[in-house]
Amino acid sequence: MPAQTGAAAPAAPAPFKLEYDPALPIAAHRSEVIEAIRRHPVIVLCGATGSGKSTQLPKLCLEAGRGMGGMIGHTQPRRIAARALASRLAEETGTTVGGAIGYKVRFNDRTGPGCRVKLMTDGILLKELESDRQLRRYDTLIIDEAHERSLNIDLLLGVLKQLLPRRPDLRLIVTSATIDPGKFAAFFGAPGQPVPVIEVSGRSYPVEVRYRPLGSSADESLEDKEDTVELSLPEGIVKAVRELDAPGRGFGQGSRGDVLVFLPGEKHIREAADELERARLPGTEVLPLFARLSTSDQERIFQRHSQRRVVLATNVAETSLTVPGIRFVVDSGLARISRYSVRGKVQRLPIEPISKASADQRKGRCGREAEGICIRLYSEEDFAQREEFTPPEVLRTNLASVILRMATLGLGDPESFPFLDPPDTRLVNDGIRLLQELKAMDE
């Protein structure tokens, strides 16, 4: 990998190899980011898909002299992303996973006594608060993909807001896609101590968007082109893949690039895999990708292959994780989104239309390595009517479990905790009543 030259001198000692690919947009901001890390306790780094922020930030922290008074902790919303990034970072720095670069996820700890950079899920870092209230084992924390606003991320942001005044040696980097970075900066800012926001453009190639709604798909075999056929989701996926194969419909004959298909759940992935197998597409390998898959099955997507691949994934592939070789995306426009019913006191996982921000994240998956095509299995009118962003999880979850978890971690009650978006008092009271009914909390 070619080295990026600049004014900032490397502060991290061997054995790290600190080189940057100049094709990554973040490499052009190298000196700016290093200087901000040295001067400010908190920075917000805003970069779209493909900017290189997840892979290069730990190296920039090392070059800024971090990782000497403690580890550099780097959180990810998903286990597969933490493992993949650790492997990538070890490869780029000339070290090994389990040595200077490590990761810790549920059921798997690959960190050793010489660990300097630790990849982990948000939940792992939260759990460590039980035994390390000041997070003393870290001198730098990178909260990646903060725009996802999971409950773990919001709790971590609140904890760190309280902790930073007591840990002047700690450095915090919050990364976000281009979704309201000013909100994160204002949250951590103080009078006379503004939080810098560094904007890094994404390395993206042109992506053509095609709308192919399932309910009004014209059957090209019919003479009357106004006649339509109702397609199931698996049938719509096969039709979309065939369209990308057709001469003149993709990028021309012979350009059968890999396809990433976004689906709402494991059941839908299995149904789509069965339909693709029945279609007998020539030279095509079908791979599933979802959270419950074994580690070895998940890591198959990173292995070299000779055939064209169709990867069927849930939203685990929406952020952080780059599936190599993807030229096309087929987006169902659906995801399972956790919702709590106050009336029924039931936490549900209904399948819902994703937000515009999520749809754009999915589209960006096929513009990472070359020009791409994104086929959306819904209409342009449908897209225009969708929510701009997915509401934070804390505003749509059962707060009884949140209250219990906060008590376990010693974080106090939700009404006094510094949430980025505080939950409604009525939801807090509902959670307390439920815990009292279950005899899990006294008066």
Side-chain angles (χ1 to χ4, degrees), residues 1 4 6 8 18-38 40 42-64 66-67 72-78 80-93 101 103 117-122 125 140-150 153 156-157 171-185 188 195-205 317-324 357 360-365 367-369:
M1 186 176 291
Q4 169 77 15
L18 298 178
E19 297 178 348
Y20 306 90
D21 183 353
L24 291 173
I26 196 170
H29 297 263
R30 171 174 167 259
S31 297
E32 180 187 4
V33 173
I34 290 172
E35 185 64 20
I37 292 170
R38 288 172 173 163
H40 299 276
V42 184
I43 67 171
V44 175
L45 194 138
C46 179
T49 293
S51 61
K53 60 185 186 299
S54 295
T55 54
Q56 306 307 300
L57 261 178
K59 295 195 294 185
L60 291 167
C61 289
L62 288 167
E63 193 168 354
R66 309 307 298 177
I72 297 169
H74 188 172
T75 69
Q76 290 294 320
R78 299 176 182 89
I80 185 173
R83 290 194 302 262
L85 283 171
S87 297
R88 175 74 177 272
L89 192 57
E91 180 184 346
E92 290 191 8
T93 55
I101 309 294
Y103 71 83
V117 180
K118 177 179 174 181
L119 277 294
M120 63 193 135
T121 55
D122 310 307
L125 183 58
T140 307
L141 288 169
I142 303 169
I143 308 299
D144 210 348
E145 308 294 351
H147 60 271
E148 289 206 6
R149 300 295 306 281
S150 68
I153 288 174
L156 278 176
L157 293 177
R171 291 293 182 269
L172 172 63
I173 303 170
V174 178
T175 85
S176 170
T178 51
I179 301 171
D180 201 9
K183 187 169 188 175
F184 294 107
F188 285 104
V195 172
V197 176
I198 299 175
E199 301 264 358
V200 179
S201 62
R203 178 181 63 171
S204 60
Y205 294 86
E318 195 173 297
T319 57
S320 299
L321 187 71
T322 296
V323 181
D360 287 339
Q361 285 282 340
R362 293 180 176 188
K363 180 187 73 173
R365 295 288 104 184
R368 298 291 297 264
E369 299 176 2

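The figures here come from the full heavy-atom set of this structure, side chains too, leaving out hydrogens, waters and symmetry mates.
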Partner residues of Arg362 under the salt bridge (charged side-chain N to carboxylate O under 4.0 Å, His left out) criterion, sequence neighbours left out: Glu318, Asp331
What closest approach, in Å, do Pro22 and Ala27 show between heavy atoms, and which atom pair accounts for it? CA-CB, 4.1 Å
So Arg30 and Gln56, do their side chains get closer than 4.5 Å, heavy atoms only? no
What closest approach, in Å, do Ala82 and Tyr103 show between heavy atoms, and which atom pair accounts for it? O-CB, 4.2 Å
Shortest non-hydrogen contact from Ser54 to Asp144? OG-OD2, 2.7 Å
How about Thr55 and Leu85: do any of their side-chain heavy atoms sit closer than 4.5 Å? yes
First locate atom CZ of Arg66, then atom CZ of Arg38, and finally report the distance between them rounded to the nearest 0.5 Å. 10.5 Å
Do the non-hydrogen side-chain atoms of Ile26 and Leu60 ever get within less than 4.5 Å of each other? yes
Which value, rounded to the nearest 0.5 Å, describes the distance between Ile101 atom CD1 and Lys118 atom NZ? 13.0 Å
Taking all heavy atoms of Ile37 and all of Ala64, pick out the closest pair and write down the distance. CG2-CB, 3.9 Å
Measure the spacing between OG of Ser176 and CZ of Arg149 and express it to the nearest 0.5 Å. 10.0 Å
Shortest non-hydrogen contact from Ile142 to Pro58? CD1-N, 4.1 Å
Set of side chain to side chain donor-acceptor pair (under 3.5 Å) partners for His29, sequence neighbours left out: Glu32
Can you find a heavy atom in the side chain of Thr75 that is under 4.5 Å from one in the side chain of Leu141? no
d(His74 NE2, Met120 CE) to nearest 0.5 Å is 9.5 Å
Non-neighbouring partners of Ser150 that pass side chain to side chain contact (heavy atoms under 4.5 Å, CB included), sequence neighbours left out: Asp122, Asn152, Ile153, Glu393
Going from CD on Gln361 to CD on Glu148, what distance comes out if it is rounded to the nearest 0.5 angstrom? 8.0 Å
Atom OG in Ser51, atom CD in Glu199: separation rounded to 0.5 Å? 10.5 Å
Glu19 backbone acceptor or donor facing Lys59 side chain under 3.5 Å: yes
Among Ile143, Leu157, Thr175, Val197, whose side-chain contact (heavy atoms from CB on, under 4.5 Å) with Phe184 holds? Leu157
Which atom of Cys61 lies closest to which atom of Ile173, heavy atoms considered: SG-CD1, 3.4 Å
